[in-house]
Every structure is written in structure tokens, then in C-alpha cells.
Amino acid sequence: DVQLVESGGGSVQAGGSLRLSCVAAESNAKSSMINYCMGWFRQSPGKEREGVAAISTSGVTYYAESAKGRFTISQDYARNTVYLQMNDLKPEDTAMYYCAAGETAPCNLQQWRYKFWGQGTQVTVSS
């Protein structure tokens, strides 16, 4: 299995920025992120989990409408890490953010495509 560990969450004021990181806990050929579509998802209390951004093995990126223009997903294969840079944060971005890895093509924000999930990192944006 691929173990994913998120970090970088925290509390910021509206308009601020955060960069989330997700690293595969075991560095081996099977867990290398180059083999997976990587995605970021989030869930707020009382709401369903939703997709935020994804990046394919070829580097093609996908964003939810709410993330376009403000969030950027990127991947560092050498560090086996995927990032989510979040700028101009809004109170409605407050949620637990999860990193996920999927093997089922095509790469997009459909949650069923993702097999491995991290434990999440909390992002809180105050107005």
C-alpha cells in the first residue's frame, strides 16, 4: 500500500496563503508518485467530501471551479511529494484537506478513482 502523509495546514486570515504537502511515507518503486494520479480533496463539517485539484502522471492538472485561479497543484518526483499552494484563501475554504493517490485512468476529481488516502490536514480561514 501507499501511505500518504499530509502537512502544512493551519489557521490563517482571509486573503492569506498556505502550502499543503503530501509525501509518500515509503519510498520504493511501488509508492513512487510518478505511478499515480495525485489529488487533493476537502471536507467541511456537515458537507460531502469534494475534489479540489489533481495532477496526472504526465503533469496535466485539474481544478474544481472554486480552486481555479487561487490554488496550484504541483509535484516533485525527486521528493515523492505533491503540493497544493493555496492563495487568497476564503472562509469557505475551511476544511480538512486530504491527499489521495489513484491508479484508474483518466486522472480527474472523481473520488472513486482514488485508492489510497492520507489522514488529512486541517485548514481554517477566519474572516
Side-chain angles (χ1 to χ4, degrees):
D1 290 353
V2 177
Q3 295 180 334
L4 303 172
V5 180
E6 304 97 332
S7 62
S11 297
V12 296
Q13 290 190 329
S17 298
L18 284 173
R19 188 178 78 157
L20 306 183
S21 300
C22 171
V23 61
E26 297 180 5
S27 181
N28 54 53
K30 185 175 182 180
S31 66
S32 174
M33 288 181 176
I34 199 171
N35 298 316
Y36 300 94
C37 166
M38 299 300 301
W40 284 97
F41 296 81
R42 68 186 183 186
Q43 186 169 23
S44 304
K47 295 185 178 181
E48 293 186 355
R49 188 168 57 191
E50 62 178 359
V52 177
I55 186 166
S56 74
T57 56
S58 60
V60 178
T61 57
Y62 307 84
Y63 295 96
E65 285 298 320
S66 60
K68 288 180 180 178
R70 299 188 299 127
F71 294 2
T72 302
I73 188 171
S74 61
Q75 194 154 275
D76 185 335
Y77 290 126
R79 291 179 168 81
N80 219 25
T81 301
V82 63
Y83 303 99
L84 184 67
Q85 177 66 44
M86 304 187 295
N87 299 327
D88 190 24
L89 283 162
K90 304 175 181 181
E92 50 264 42
D93 295 318
T94 295
M96 184 71 78
Y97 283 72
Y98 298 92
C99 172
E103 298 177 290
T104 305
C107 182
N108 55 35
L109 294 176
Q110 293 177 306
Q111 297 185 44
W112 65 268
R113 298 185 183 278
Y114 293 82
K115 183 177 180 179
F116 305 106
W117 292 81
Q119 294 299 307
T121 185
Q122 178 67 39
V123 171
T124 303
V125 184
S126 58
S127 57

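Only heavy atoms go into these numbers, but all of them, side chains included; no hydrogens, no water, no symmetry mates.
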Q: For residues 42-94, pull every pair meeting disulfide bond (SG atoms under 2.5 Å apart), keeping only residues two or more places apart or in separate chains.
A: none
**Q.** Contact list for residues 53-111, test disulfide bond (SG atoms under 2.5 Å apart), sequence neighbours left out
**A.**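 Pairs touching residues 53-111 that pass the test: Cys22-Cys99, Cys37-Cys107.
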Q.
Connecting only ILVMFWY residues whose side-chain heavy atoms lie within less than 4.5 Å of each other, what is the rest of Val23's hydrophobic cluster?
A. Val5
Q | Connected hydrophobic set around Tyr98, excluding itself, where side chains approach under 4.5 Å | A | Phe41, Met96, Tyr114, Trp117
Q.
Please identify which of these residues, Gln122, Glu6, Arg42, meets the side-chain hydrogen bond (donor to acceptor under 3.5 Å, both in side chains) condition with Tyr97.
A.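 That would be Arg42; it is the only one of Gln122, Glu6, Arg42 passing the side-chain hydrogen bond (donor to acceptor under 3.5 Å, both in side chains) with Tyr97.
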Main-chain N/O of [Y] paired with [X] side-chain donor or acceptor, under 3.5 Å:
{"X": "Tyr62", "Y": "Ser56", "answer": "no"}
{"X": "Gln75", "Y": "Ile55", "answer": "no"}
{"X": "Thr94", "Y": "Ser44", "answer": "no"}
{"X": "Arg113", "Y": "Gly102", "answer": "no"}

Q) Closest approach of Ser21 and Thr81, non-hydrogen atoms and distance? A)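 Nearest heavy atoms, Ser21 then Thr81: CB-CG2, 4.2 Å.
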**Q.** Arg19: partners by salt bridge (charged side-chain N to carboxylate O under 4.0 Å, His left out), with sequence neighbours left out
**A.**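 For Arg19 there are no salt bridge (charged side-chain N to carboxylate O under 4.0 Å, His left out) partners, ignoring immediate neighbours.
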Q: Sequence neighbours left out, what passes salt bridge (charged side-chain N to carboxylate O under 4.0 Å, His left out) with Lys47? Give chain and number order.
A: none
